[in-house]
Amino acid sequence: MAATFPYTHYACPCSNLTTPASTSISAKRTSLIPVDAPEDSTFNPHDPRANYSLSPLDRLLFCDECEEIRCQRCYGEEIIHWYCPTCLFEVPSSGVRSDGNRRSSSGEEVEEAYILQCHYCDWSSLDIGVHFSKPTKITEQLAKQRKSRTSGGSSAAEAQPLSHDETFANLATFYKEQLSESGDPQNPYSNSPYSSPNNLARIMSLYGGLSVNALKKTREKPQPMREARGEEEGMLICSFEDKATDDALLQSMQNLDWANTTTAEQRLSAPANKGARLVDALWPVATRLRTRKCRRCHFCPQYLSYPDPKLKVGNLRYKIRALALNHIPRLSIRSLQTSYPLPNPAFCLHAADLLQRQPDIQPHITRQYILTIRNPILEPIRITLATPTTTPGRVASRVTILCPSFTVGPAGDVWDEALSSSTTSMATIPSGNGGRQAAMESLTGRGADESLDRQPEAGKVWERTKNSTSVVLEIVPGALKSLPGIVPKSEKELEEDEMEEGDDVLEVPIYVRAEWEVSEEHDDAGDRKGGKRIVEADGNVKKEMAFWCVLGVGRIGEGG
Amino acid sequence: MASRPAPAPKRPSQLPASKPPCNIYPSAIIADKAQITGSHAVEIGENAVIHPWAKIRAEGGKVVIGQNSMVYEGATVGTVDGGDVLIGDYVNIETGAVVEARSVGDGTTVEVNAVVGKGAVLGKWCTVAPLERVEAGEELEDFTVVYGDGQRRVDKTTKEHAEVRELKKGGQEKAVQAMRALVPNAMAKWAG
Ligand SMILES: [Zn+2]
Ligand SMILES: [Zn+2]
Ligand SMILES: [Zn+2]
């Protein structure tokens, strides 16, 4: 992943990129794990598909019915309404095909007819012989005239090639047929390779004098879905045969000047204009409408985001917006050693600062990092972290979480958080030391002895704030090149040693489990979850959530 | 009014020191704040409307505005040293436009802030789109549209449909009538 270090990317549960781990997992998980969770597997950030399943927390949504992270692939978008980007007129979905946008067609009366006219360049629909009987439903009227024109043309001259519209319609019909005939009815979009019996029957009757029985037999044989073959199935063959048409076109291009030929932009403006070589052949297209969409969970009917319908178009307020960052603990990592600061990319003032290559991590030298977990919810959570002892991928680095299990306090008021953001070191709270040291602590917000090289201890939390807890992570970066052995390597081994792009990036997969309790009446998701929730004796409901995330630590240098 | 000699009255600044010889049709409207300067003849046709702050400059030659034509606010018609300017009938010179053309044909519109250089000849039913330029001495055929950074096209709609031209004329007549109610006439200041 091209990103500035350090970063934390979260894996959506919809991606199943976990692979059985060859190594054991450093922390034993204490309690039940969801069925899909990998007991003896690990998430491989170097998997080619990892790029598509990892995202920063800010880009993820959260379904509070399913109580799961939802990424782009596990929610659907539904159009709420259409609107014209120019006048912001909202078009109800039912009217999109007929009304289009409410074009400001100051209709001029020509024998009780209306025309479209451009007040800038004086083009009007009369130039192409189009006028309207009423000033409403312009799009519908245009479509009708277009249709009568194109079909009229082809009936007049048999040899005329089909228009792009017709070809497209044919192709769409063909694919629909193929899908409905090949897939099982419950799953119309499956790509299962079954035959399309009707097509087959038609073709058989065309080409062969087969008996009914033989035909039946062939029907039973599964046939893979096929592509369009002829013009009536939507395949348009590009031919150089039609010299007469080409010559006529060239002739008219010679007679007219450059301004009368269409631009690529014009030809691509609409399917109807694709074949238009001369300006006269262009067809008016309504301003393309824009849409406002809501997002809906693929696994339940819950809305994950819904724009505020009362507000005017262009206002970005939401009625519903379930962001993952309000539900999922946020992990961040920084170096404990001050000599290698991991700069926060948010504070880079110049683009050049971002491009500046951060110092490479030296292989084989143990380094310590502070991993901070911030709790966004109102209940205290219990966190259990797990990571493979060596990172997956070509370069194996050893990772140890000194304190894999701990609690994180509840999130509170934003103001509370801001005021209590100064950290106090829980591990080294001086008891009854009072006096000067305590005063220093309250002033600097740090334990006085932190400045003296405080050593991270196994099983101890590094520091805590009201809603965050930090623990220390020890990493021994692996080397990019394996040490030369005595036995010369085979060609295959050498090939395997070949580095690929991204192999030098030190990424640590971490499995995060959060557990907390909510009182029964506060459990909104409870009703539908049925058996899954466990109500304790005190009336609280146990909740848990688990996910993989990947910490991007830095780039390992050649070093050595 | 003033029968006895008085000290020289302070003239409003927009009034020219010398009033050009004007021939203004009685049904024309000249706004009080319109400016007509120069020493050459100025003719304003039937139902023509000269808006406030429009400038007619007859320093370089005579200026003729045809019937049912309008010169909008801040537009300048005429030359300081470039000869006569003849504006046809049913012509619109829009806000901020500068027209020093030798002649502008009937039904033509020079849009907002467009410029038509000295000696240019614009045909009938032409359109110069906003901010476009017609260079000095250039000639535009009838029904030419200048648009999109100097592109030219023929206005087929107007060219091929007499009824469209009639409609446009009718529209202009209505617009002129509407302005008649909106722009107070100070024709007396200039006539005669
Ligand atoms: Zn997903
Ligand atoms: Zn246009
Ligand atoms: Zn859901």
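Residue numbering restarts at 1 for every chain, and letters A, B, ... go by the order of the sequence lines.
Applying the 6.0 Å contact sphere to CZ of R267(A) captures more than 12 heavy atoms from other residues, nucleotides or ligands. Residue K156(B) places its NZ atom among more than 12 non-hydrogen atoms of other residues, nucleotides or ligands, all under 6.0 Å distant.
A salt bridge does not link K147(A) to E140(A): none of the charged side-chain nitrogens sits closer than 4.0 Å to a carboxylate oxygen. K168(B) and D106(B) are not joined by a salt bridge, as no carboxylate oxygen comes within less than 4.0 angstrom of a charged side-chain nitrogen.
In this structure a side-chain-to-backbone donor-acceptor pair under 3.5 Å is missing from R133(B) to D149(B).
For residues 108-122 of chain B, the side-chain hydrogen bond (donor to acceptor under 3.5 Å, both in side chains) pairs, not counting sequence neighbours, are D81(B)-K118(B).
The contact list for residues 60-73 of chain B toward chain A, using heavy atoms and a distance under 4.5 Å, is empty.
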